[in-house]
Amino acid sequence: MVVRGAPAIAIAAALSLAVEVFDQDFTGTPAEAASFVSKKLEYLVSSRPTAVNLSDAATKLQSLVSRTAETAKDAKSIFQVFIEAAETMLVDDVADNKAIGSHGAKFLQQKLGSSKNISVLTHCNTGSLATAGYGTALGIIRALHSGGILEKAFCTETRPFNQGSRLTAFELVHDKIPATLIADSAAAALMNNGQVQAVIVGADRIAANGDTANKIGTYNLSISAKHHGVQFYVAAPVTSIDLSLPSGKEIVIEERSPKELLNAEGGLGKQVAASGISVWNPAFDVTPANLITAIITEKGVITKSDPDGAFDIKAFIEAAK
């Protein structure tokens, strides 16, 4: 959890390997250099199975070095191509996030009747501390604020690791965005009071039908939003979409250390729970597509004809090419 946030995980992995191969004293052939990079990427992918951005980036980078090795004269050129590609990922992610923010702000304003007093709820951290910069769901909040149409952003504390209270609250205060922190268990009451018009969350992996894996507690929010008639949006780059999975049932969910629940401060403080108690601590849950209003990407907004149905993401991706 030193690096967290699906886009940031992928970028940090690529850049860390770029640092390793920079000025690498490597005496092998271009093909051997490509194999060296590929194996390192495979190892990095094994660290975080839920977030698809990492495996997507690794696959593309492996293909790049493999193609380059076919015509390269030395191993150094393989490493240089990899370094340049990793640095490009950093730049592209910020641009993609700003596009997500722009598309999302415009779409929300249209869906909410051109309201100039939009209040939203977000979960976990999806901002500059989870991406290369600006953010996905938090990027939309930033765009709403800069456009003068955000009344207030509410953020959950996001138990048990408190990414909301530690990170999102920090970013909102830093940017002077009007914001209020709530306990995770207060979200339904907030919606019942009519204080938010939309929920905006990020994603670690989106299946072909729109089922979305995100930080644990997201599913709870989607159910509450559906009950209270609050729009529920997922904001993510297309690299978070995994068309190889027909539904969220196939998404592998990571489980975190029991200490995050047993001890205070997300596992870093003193033990507060009874010794001997069993713990179930999944890091993510899956929100079914039928509970999601729309999926906002840098390519545009993915909608569906049946509000209670699934998304045809493959058709959207093909049309966006």
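Source: prediction; values computed, not measured. Positions are given from 1 along the sequence.
For the side chain to side chain donor-acceptor pair (under 3.5 Å) with Asn125, the qualifying choice from Glu171, Gln163, Arg166 is Glu171, the only one to do so. Screening Asp92, Asn53, Asp56 for a side chain to side chain donor-acceptor pair (under 3.5 Å) involving Thr239 leaves a single residue, Asn53. Considering Asn214, Ile292, Thr212 as possible partners of Ile206, the one that fulfils the side chain to side chain contact (heavy atoms under 4.5 Å, CB included) test is Thr212.
Thr168 is not listed as a side-chain neighbour of Leu181, based on a closest heavy-atom distance of 4.5 Å or more. Contact check for Gln110 versus Phe107: side-chain heavy atoms found under the 4.5 Å cut-off.
The two residues Ala86 and Ala18 make their nearest non-hydrogen contact at CB-CB, 4.2 Å. Smallest separation of non-hydrogen atoms from Pro160 and Leu261: CB-CD2, 3.6 Å. Smallest separation of non-hydrogen atoms from Glu151 and Ser119: CB-OG, 3.5 Å. Across all non-hydrogen atoms, the minimal contact from Tyr134 to Arg142 is O-NH1, 2.5 Å. The two residues Gly164 and Cys155 make their nearest non-hydrogen contact at O-SG, 4.1 Å. Nearest heavy atom pair, residue Leu245 against residue Ala207, reads O-CB, 3.5 Å.
Between the side chain of Thr293 and the main chain of Phe232, a donor-acceptor pair closer than 3.5 Å is present. Counting only distance, with no hydrogens or angles, the side chain of Ser38 and the backbone of Ser35 share no donor-acceptor pair below 3.5 Å. Ser224 contributes no side-chain N or O that, together with a main-chain N or O of Leu221, makes up a donor-acceptor pair within less than 3.5 Å. Side-chain atoms of Glu260 never come within 3.5 Å of backbone atoms of Gly267 as a donor-acceptor pair (strictly under, hydrogens ignored). Without hydrogens or angle criteria, Ser102 side chain to Lys98 main chain gives no donor-acceptor distance under 3.5 Å. A donor-acceptor pair is defined here as one N or O able to donate and one able to accept, closer than 3.5 Å; such a pair exists between the side chain of Asp184 and the backbone of Thr158.
Rounded to the nearest 0.5 Å, atoms CG (Asp204) and CG (Asp242) are 12.5 Å apart. Once rounded to the nearest 0.5 Å, the distance linking CD1 of Ile200 with OG1 of Thr126 reads 8.5 Å. The structure places CD1 of Ile141 at 12.0 Å from OG of Ser146, a figure rounded to the nearest 0.5 Å.
Partners of Lys304 according to the salt bridge (charged side-chain N to carboxylate O under 4.0 Å, His left out) rule, which considers only residues two or more places apart in sequence or in another chain, do not exist here. With sequence neighbours left out, Asp211 forms a side chain to side chain donor-acceptor pair (under 3.5 Å) with Asn209.
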Inset, instruction - List the steps, then state whether side-chain contact (heavy atoms from CB on, under 4.5 Å) holds for Asn281 with Glu255. - result: CA-CA 6 Å; Asn281 185 24; Glu255 290 195 27; 5.9 Å; no
Inset, instruction - Kindly determine whether Phe284 and Ile216 satisfy side-chain contact (heavy atoms from CB on, under 4.5 Å), including the steps that lead there. - result: CA-CA 4 Å; Phe284 308 95; Ile216 190 72; 5.8 Å; no
Inset, instruction - Check step by step if side-chain contact (heavy atoms from CB on, under 4.5 Å) holds for Phe26 and Asp74. - result: CA-CA 10 Å; Phe26 192 89; Asp74 53 41; over 6 Å; no
Inset, instruction - In sequence, state the C-alpha distance, the side-chain angles, and the governing distance for His145 and Asp175, and then conclude on side-chain contact (heavy atoms from CB on, under 4.5 Å). - result: CA-CA 10 Å; His145 176 63; Asp175 282 15; 5.9 Å; no
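Residue Lys226 places its NZ atom among more than 12 non-hydrogen atoms of other residues, nucleotides or ligands, all under 6.0 Å distant.
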